[in-house]
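It should be emphasised that the depicted structure is a prediction, and the values quoted were computed from it without experimental measurement.
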Amino acid sequence: MTTAVLFDFSGTLFRIESTEAWLRAVLDASGVAPGEEELADAARALEEAGALPGGTPPVRVPEGLAGLWRDRDRSAELHRAAFTGLSRQVPLPDPALHEALYDRHMTPAAWTPYPDAVEVLGTLRERGIRVGVVSNIGWDPRPVFREHGLDPFVEAYVLSYEHGVQKPDPLLFATACERLGVDPRTTLMVGDDRRADGGAAQLGCAVHFVDHLPAAERPDGLRPVLDLVG
């Protein structure tokens with residue numbers, strides 16, 4: 001019998017906005033108004049660089065950023081340095097825009113819950129199944145959950161930067177189970193990264209993977225969780 005479900009954040013319960021929407025929002029807020037072609041070119045370059053957290057991974061990590069990239073989720077400082085480092089590979093009208101882009105991705109407006117997220121979390125609550133979030137991240141996503149109405153369903157947040165440990169290290173999953181007061185062997189981990197989220201299996205957790213797709217392209221990807229927990 002399943003007593004708890006742990007969810008990853010980005011690509012599992014929420015999806016970040018597109019790279020072009022991310023860049024456009026920051027440029028609009030800063031009063032910079034490039035032409036559409038220039039904006040599209042910069043967005044493509046930022047996407048190739050992997051500069052948007054939660055977006056497309058980098059095509060290539062520069063040698064000078066390799067260490068930061070490997071450990072990026074261990075602290076807020078490392079996370080910001082890694083992603084702004086990737087962003088700075090792309091020339092922008094004002095160098096300050098790279099920090100503004102990083103700040104933008106932490107706002108609730110930059111994130112959209114998957115269409116079935118509220119339904120699935122609410123149903124788990126109704127069934128008495130405890131819910132936690134275990135995320136490799138460099139900042140606090142709780143405001144995103146609150147703004148979009150998912151926070152009432154989450155009983156524990158275990159975030160890599162708060163512990164200095166990244167998934168797939170089983171310590172993060174063990175911490176979540178301890179906080180929820182559940183046995184890992186009766187816990188299901190749901191995520192989109194087979195390596196990182198698959199680390200829960202080392203504790204005896206069941207693991208279920210979803211596809212990291214734009215929200216509109218994955219309307220019901222979380223619903224199978226309800227069948228898995230019975």
Side-chain angles (χ1 to χ4, degrees), residues 2-16 50-58 61-87 102-103 105-106 110-111 117 121 124 129-146 150-151 153-210 212 225:
T2 302
T3 58
V5 181
L6 307 177
F7 289 93
D8 174 52
F9 165 54
S10 173
T12 299
L13 290 175
F14 284 86
R15 171 72 184 211
I16 191 69
L52 174 58
T56 304
V61 177
E63 186 176 340
L65 293 176
L68 276 175
W69 181 253
R70 183 184 60 249
D71 296 330
R72 65 192 179 279
D73 295 314
R74 294 185 186 275
S75 75
E77 295 76 18
L78 290 170
H79 196 268
R80 179 182 284 271
F83 280 101
T84 56
L86 292 174
S87 175
Y102 185 86
D103 292 339
H105 103 274
M106 296 187 289
W111 295 89
L121 294 186
L124 292 174
I129 295 172
R130 311 196 74 173
V131 171
V133 169
V134 182
S135 178
N136 276 354
I137 196 168
W139 52 277
D140 185 1
R142 293 175 182 88
V144 176
F145 281 78
R146 288 195 291 269
L150 273 67
D151 182 64
F153 306 114
V154 180
E155 297 180 66
Y157 293 88
V158 178
L159 311 173
S160 62
Y161 84 102
E162 293 182 339
H163 297 270
V165 175
Q166 300 177 144
K167 296 183 289 186
D169 192 317
L171 177 60
L172 284 183
F173 308 106
T175 299
C177 290
E178 182 179 347
R179 288 190 180 179
L180 293 173
V182 296
D183 188 326
R185 293 169 296 181
T186 62
T187 299
L188 173 67
M189 175 66 205
V190 181
D192 66 293
D193 187 319
R194 280 164 170 72
R195 178 180 176 273
D197 299 312
Q202 296 180 57
L203 289 178
C205 297
V207 182
H208 175 69
F209 296 108
V210 294
H212 189 152
V225 171

Using 0.5 Å steps for rounding, measure from the [atom1] atom of [X] to the [atom2] atom of [Y].
| X | Y | atom1 | atom2 | answer |
| --- | --- | --- | --- | --- |
| D73 | Q166 | CG | CD | 5.0 Å |
| H79 | L68 | NE2 | CG | 11.5 Å |
| L78 | R70 | CG | CZ | 10.0 Å |
| I129 | L124 | CD1 | CG | 5.0 Å |
| T175 | E162 | OG1 | CD | 11.0 Å |
| S160 | N136 | OG | CG | 4.5 Å |

Quick check: closest heavy atoms across [X] and [Y], and the distance to 0.1 Å?
| X | Y | result |
| --- | --- | --- |
| Q202 | P168 | NE2-O, 3.6 Å |
| A200 | V207 | CB-CG2, 4.2 Å |
| C205 | C177 | SG-SG, 4.5 Å |
| D140 | P143 | O-CD, 3.3 Å |
| A176 | V134 | CB-CG2, 3.6 Å |
| F7 | M189 | C-CE, 3.9 Å |

Can a donor-acceptor pair be found, under 3.5 Å and without considering hydrogens, that links the side chain of [X] to the backbone of [Y]?
| X | Y | result |
| --- | --- | --- |
| R130 | L180 | yes |
| S135 | L159 | no |
| T2 | T187 | no |
| D197 | D193 | yes |
| R179 | Y157 | yes |
| H212 | G54 | yes |
| D71 | R74 | no |

Salt bridge or not between [X] and [Y]? Use side-chain N to carboxylate O under 4.0 Å.
| X | Y | result |
| --- | --- | --- |
| R142 | D151 | no |
| D103 | R80 | yes |
| K167 | D8 | yes |

- Do F145 and F9 make the cut of ring centroids closer than 6.0 angstrom?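 Under 6.0 Å, so yes.
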- Task: Would you please say whether a donor-acceptor pair under 3.5 Å links the side chains of H105 and W111?
- Result: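 No donor-acceptor contact under 3.5 Å links the two side chains.
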- Quick one: do V5 and V190 satisfy side-chain contact (heavy atoms from CB on, under 4.5 Å)? Show the steps, please. CA-CA 7 Å; V5 181; V190 181; 3.7 Å; yes
- For the pair W69 and F83, name the ring-plane relationship: parallel under 30°, tilted 30 to 60°, perpendicular over 60°.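 If you compare the ring of W69 with that of F83, the planes turn out perpendicular.
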- Check whether any side-chain heavy atom of L121 lies under 4.5 Å from a side-chain heavy atom of L150, and answer yes or no.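 Side chain of L121 against side chain of L150, heavy atoms only: contact under 4.5 Å found.
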- Quick one: do F14 and V144 satisfy side-chain contact (heavy atoms from CB on, under 4.5 Å)? Show the steps, please. CA-CA 9 Å; F14 284 86; V144 176; 3.6 Å; yes
- What's the verdict on side-chain contact (heavy atoms from CB on, under 4.5 Å) for H163 and L172, showing C-alpha distance, side-chain angles and the deciding distance? CA-CA 8 Å; H163 297 270; L172 284 183; 4.0 Å; yes
- Begin from the C-alpha positions of L86 and L65 and carry the test side-chain contact (heavy atoms from CB on, under 4.5 Å) through to its verdict. CA-CA 8 Å; L86 292 174; L65 293 176; 3.8 Å; yes
